[in-house]
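Remarks on the structure that follows.
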2 protein chains.
Amino acid sequence: MANEIKAELAAGKLAEYEQLSKIYDDIVKHAKPRLTVEGQGKILLALSDEDHQSQRELATRLGISPQSTSEFVYKLVKRNLVTLTKSPKDKRVNLVNLTNEGRQEIESAAQEVPPFLKALSDTEMDQLSSLLNKITTAMYEDIDAANPTLGVKFHKLFASRYLKQFKK
Amino acid sequence: MANEIKAELAAGKLAEYEQLSKIYDDIVKHAKPRLTVEGQGKILLALSDEDHQSQRELATRLGISPQSTSEFVYKLVKRNLVTLTKSPKDKRVNLVNLTNEGRQEIESAAQEVPPFLKALSDTEMDQLSSLLNKITTAMYEDIDAANPTLGVKFHKLFASRYLKQFKK
DNA sequence: AATATATAATAAGGGCACCTGATTATATTG
DNA sequence: CAATATAATCAGGTGCCCTTATTATATATT
């Protein structure tokens, strides 16, 4: 079937892109490294969307265990990017707050346009956005079906990032 | 500038896709997990392209340290996916060889079309392949400029994967 | 109020992908 | 043959994650 081959080709290209992008940042140095959407970076991202969340909230929202969340928060505290304050309402909970440095960190690492995207024309840029949008929408649906508490949160988290760019 | 905004949007969507795909496999279970293109998976992939390479060759080709290579190979040996044989020409070198299980592992984990791609029509599939092709080509150029010994090898490595699919 | 149970966070320990700095064989070369 | 280069390994470390206790603090039940 011709369409099966098309799909396999697209899947292969997508896999290739993913793999390449893993090594791209290592090898092709940027002035400012991209904000990593893992671990500590995830926490920062979530806080930039909504500050003063409890670790429990962060964990649930980001789909990582509370233990890992605690670890990342601890590391961020050491880097002076967040502070912890005990909630007065519930002495069990630690609220995680962005410091000015933390906010700056997010700002300075704001999504830059990677150099390799310059290879596309305006029209192609539009096409790519639209295709990726269909793909991510489908992914959110699958993720949501598998774990209803997660998908929407992520969407919101990412959406807030583009919005910030448009405001400027 | 309008085109700058288009580029930022595309960059954001790409980042979103990357992040989502990281958690997709965890949450949306597949019968067969995708062959991971990291660590042990990288080694297998390189061997499927060309068997009986020395660890040194693998390390250079994959852009990872010889020490890490040794570690991954060791783990693959424990999983019976590769064997080590001393080169008769140079007793220092260990040749890494795929076992039948190893070959099967690669085969069975061959790139399946992820469910979320089904959201695209044939035409869109073509568009996506073509766009990604432009992007990866640009990435290879950047990578090659930064580290001339690496890019082409990677390209060959990935290219061999699609080709296999077309043969069927 | 007193006990039982639920919940937030931490501690402890483990796995995987990498890395750097020795160290040990084995080659090659002057 | 001594000096140097090279393949691989050992030891130890970082970052991202996880699971299984354990410790406080809350809330519910009797």
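Order of the sequence lines fixes the chain letters, A, B, ..., with proteins taken first and strands second; residue numbering starts at 1 for each chain.
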Phosphate OP1/OP2 of C/dT10 contacted by A/S70 side-chain N/O (<4.0 Å):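 True: A/S70 side-chain N/O within range (under 4.0 Å) of C/dT10 OP1/OP2.
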Strand contacts (DNA chain D) in residues 83-92 of chain A, 4.0 angstrom heavy-atom criterion: A/D90, A/K91, A/R92
Heavy-atom side-chain contact between [X] and [Y] under 4.5 Å:
X: B/L47; Y: B/N97; answer: no
X: A/T83; Y: A/V77; answer: no
X: B/R103; Y: B/D51; answer: yes

A/S87 side chain to A/N94 side chain, donor-acceptor N/O pair below 3.5 angstrom: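 Judged by distance alone, the side chains do not pair up.
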Between B/E16 and A/Y140, a side-chain donor and acceptor under 3.5 Å: yes
Protein proximity profile, nucleotides 12-19 of chain C - base contact B, sugar-phosphate-only contact S, no contact -, cut-off 4.0 Å on heavy atoms: ----SBBB
Look up atom [atom1] in [X] and atom [atom2] in [Y], then write down how far apart they are to the nearest 0.5 Å.
X: B/F72; Y: B/L58; atom1: CZ; atom2: CG; value: 11.5 Å
X: B/L132; Y: A/L9; atom1: CG; atom2: CG; value: 9.5 Å
X: A/Q55; Y: A/L95; atom1: CD; atom2: CG; value: 9.5 Å

Salt bridge present between A/E105 and A/R79 (N-O < 4.0 angstrom): yes
From CA spacing to verdict: side chain to side chain contact (heavy atoms under 4.5 Å, CB included), B/L62, B/T69: CA-CA 9 Å; B/L62 295 171; B/T69 307; over 6 Å; no
Outermost DNA chain D nucleotides near chain A [under 4.0 Å, heavy atoms]: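 First and last nucleotides in contact are D/dG15 to D/dA26.
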